[in-house]
Trainee: 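So that we are looking at the same thing, I have put the structure below in structure tokens.
Each residue takes its place number in the sequence, starting with 1. Keep in mind that this is a model prediction, so the values were computed, not measured.
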Amino acid sequence: IRVKMIFLCIDRQYNQIIRKSKPIASVYSCWLPLMKPCIDYALDYIYRYPKTEKELRIQLIKKWYTEEEVHYTMIDLVKRGYVDDRNFATMYIESELVHKGKPRINISSKLLMKWVDKDLVRELMSKYDDQASESITVRIRKEMYKLKERKVEGVALIQKLMARGYTLQEIKKCIKANQKEKKKAH
């Protein structure tokens with residue numbers, strides 16, 4: 001037995017309610033009386049969760065807004081400066097890399113998963129290299145301290161840090177800095 005779900009949809013072209021066996025986002029916007037206008041939903045959504053242009057576009061399509069509505073909404077939001085991939089990536093890198101000291105590779109992959117352009121990610125990551133090295137060093141030292149409390153030493157310590165995304169060069173730099181501090185303390 002096949003069960004067809006019937007949706008009441010509003011055909012915007014003729015302003016009449018019609019019955020469809022399945023909703024078609026590009027032609028009909030189902031449940032229109034219950035839905036916010038596309039621009040209002042988009043503004044509410046990016047206010048709560050900053051998003052890239054592509055992420056927002058996908059979310060609006062998931063919410064059954066028409067391609068035309070989504071297109072004009074995105075043009076308006078980009079023109080106003082509410083959706084800007086460069087600004088989003090800059091804020092994300094400053095937060096995660098510069099302030100928190102998270103591994104560069106993890107941040108790059110997250111931004112690429114959020115549909116930020118690969119060249120833009122490379123450009124911004126190189127821009128923050130100097131500022132990030134200090135916070136990464138602090139973060140690696142914290143993680144080394146936690147691992148040493150659990151009796152992880154030597155090669156196992158380096159392997160665990162590399163598995164978390166830090167480069168061998170960054171780890172060696174921290175180990176050398178720790179050794180210098182120990183020598184000064186004695």
Trainee: Apply the test side-chain contact (heavy atoms from CB on, under 4.5 Å) to residues Met144 and Glu149: give CA-CA distance (whole Å), side-chain angles for both, the deciding distance (0.1 Å), then the verdict.
Mentor: CA-CA 9 Å; Met144 284 174 59; Glu149 282 181 339; over 6 Å; no
Trainee: State, to 0.1 Å, how close Gly165 and Pro103 come at their nearest heavy-atom pair, and which atoms those are.
Mentor: O-CB, 3.3 Å
Trainee: Measure the shortest side-chain to side-chain distance between Lys184 and Glu181 over non-hydrogen atoms and say whether it is less than 4.5 angstrom.
Mentor: no
Trainee: Supply the atom-to-atom distance Ile175 CD1 to Ile158 CD1, rounded to the nearest 0.5 angstrom.
Mentor: 4.0 Å
Trainee: Could you tell me whether a side-chain N or O of Ser135 sits under 3.5 Å from a main-chain N or O of Leu97, the two making a donor and an acceptor?
Mentor: yes
Trainee: For residues Asp117 and Leu112, report the shortest heavy-atom separation together with the two atoms involved.
Mentor: C-CD2, 4.5 Å
Trainee: Going hydrophobic residue to hydrophobic residue with side-chain gaps under 4.5 angstrom, can you get from Met74 over to Trp115?
Mentor: no
Trainee: Scan for salt bridge (Lys or Arg N to Asp or Glu O under 4.0 Å) pairs involving residues 43-59, sequence neighbours excluded, and state none if there are none.
Mentor: Lys36-Asp44, Glu53-Arg57, Glu55-Lys114
Trainee: Under 4.5 Å between side-chain heavy atoms, hopping through other hydrophobics if needed: is there a path connecting Ile46 to Tyr92?
Mentor: no
Trainee: Rounded to the nearest 0.5 Å, what separates atom NZ in Lys146 from atom CZ in Arg150?
Mentor: 9.0 Å
Trainee: Is any side-chain N of the basic residue among Arg139 and Glu134 closer than 4.0 Å to the acidic one's carboxylate O?
Mentor: no
Trainee: What distance separates Ile39 CD1 from Asp76 CG, expressed to the nearest 0.5 Å?
Mentor: 4.5 Å
Trainee: Considering all heavy atoms of both residues, which atom of Glu67 and which atom of Ile61 are nearest to each other, and what is their separation?
Mentor: OE2-CD1, 3.5 Å
Trainee: Check step by step if salt bridge (charged side-chain N to carboxylate O under 4.0 Å, His left out) holds for Asp119 and Arg122.
Mentor: CA-CA 5 Å; Asp119 296 330; Arg122 267 195 226 122; 3.3 Å; yes
Trainee: Working to the nearest 0.5 Å, report the span between CG of Leu111 and CD of Glu96.
Mentor: 9.0 Å
Trainee: For the pair Tyr41 and Tyr45, name the ring-plane relationship: parallel under 30°, tilted 30 to 60°, perpendicular over 60°.
Mentor: parallel
Trainee: Does the Asn106 side chain pair with the main chain of Arg164, one donor and one acceptor, at a distance under 3.5 Å?
Mentor: yes
Trainee: Could you tell me if Tyr166 and Glu143 have a donor-acceptor pair between their side chains, going purely by distance under 3.5 Å?
Mentor: yes
Trainee: Can you name the closest pair of heavy atoms from Val83 and Thr52 and give their distance?
Mentor: CG1-C, 4.1 Å
Trainee: Do Phe88 and Leu56 belong together in a cluster built from hydrophobic side chains that touch within less than 4.5 Å?
Mentor: no
Trainee: Between Thr137 and Ser133, which heavy-atom pair has the shortest distance, and what is it?
Mentor: OG1-O, 2.7 Å
Trainee: Given the rule that I, L, V, M, F, W and Y join up when any side-chain heavy atoms are under 4.5 Å apart, are Leu168 and Leu157 in one cluster?
Mentor: yes
Trainee: If the threshold is 4.0 Å, N to carboxylate O, is there a salt bridge linking Arg104 and Glu170?
Mentor: yes
Trainee: Without swapping roles, check the side chain of Glu94 against the backbone of Met91 for a donor-acceptor pair under 3.5 Å.
Mentor: no
Trainee: Between Arg86 and Glu123, does any side-chain N to carboxylate O distance fall below 4.0 Å?
Mentor: yes
Trainee: Output the distance between atom CD1 (Ile105) and atom OG1 (Thr167), rounded to the nearest 0.5 Å.
Mentor: 10.0 Å
Trainee: Are Val116 and Leu77 grouped together when hydrophobic residues (ILVMFWY) are joined by side-chain heavy atoms under 4.5 angstrom apart?
Mentor: no
Trainee: Could you measure the distance from the CD1 atom of Ile136 to the NZ atom of Lys173? Nearest 0.5 Å is fine.
Mentor: 8.5 Å
Trainee: Is it the case that the side chains of Tyr72 and Glu68 hold a donor-acceptor pair, with the cut-off being a distance below 3.5 Å and no angle test?
Mentor: no
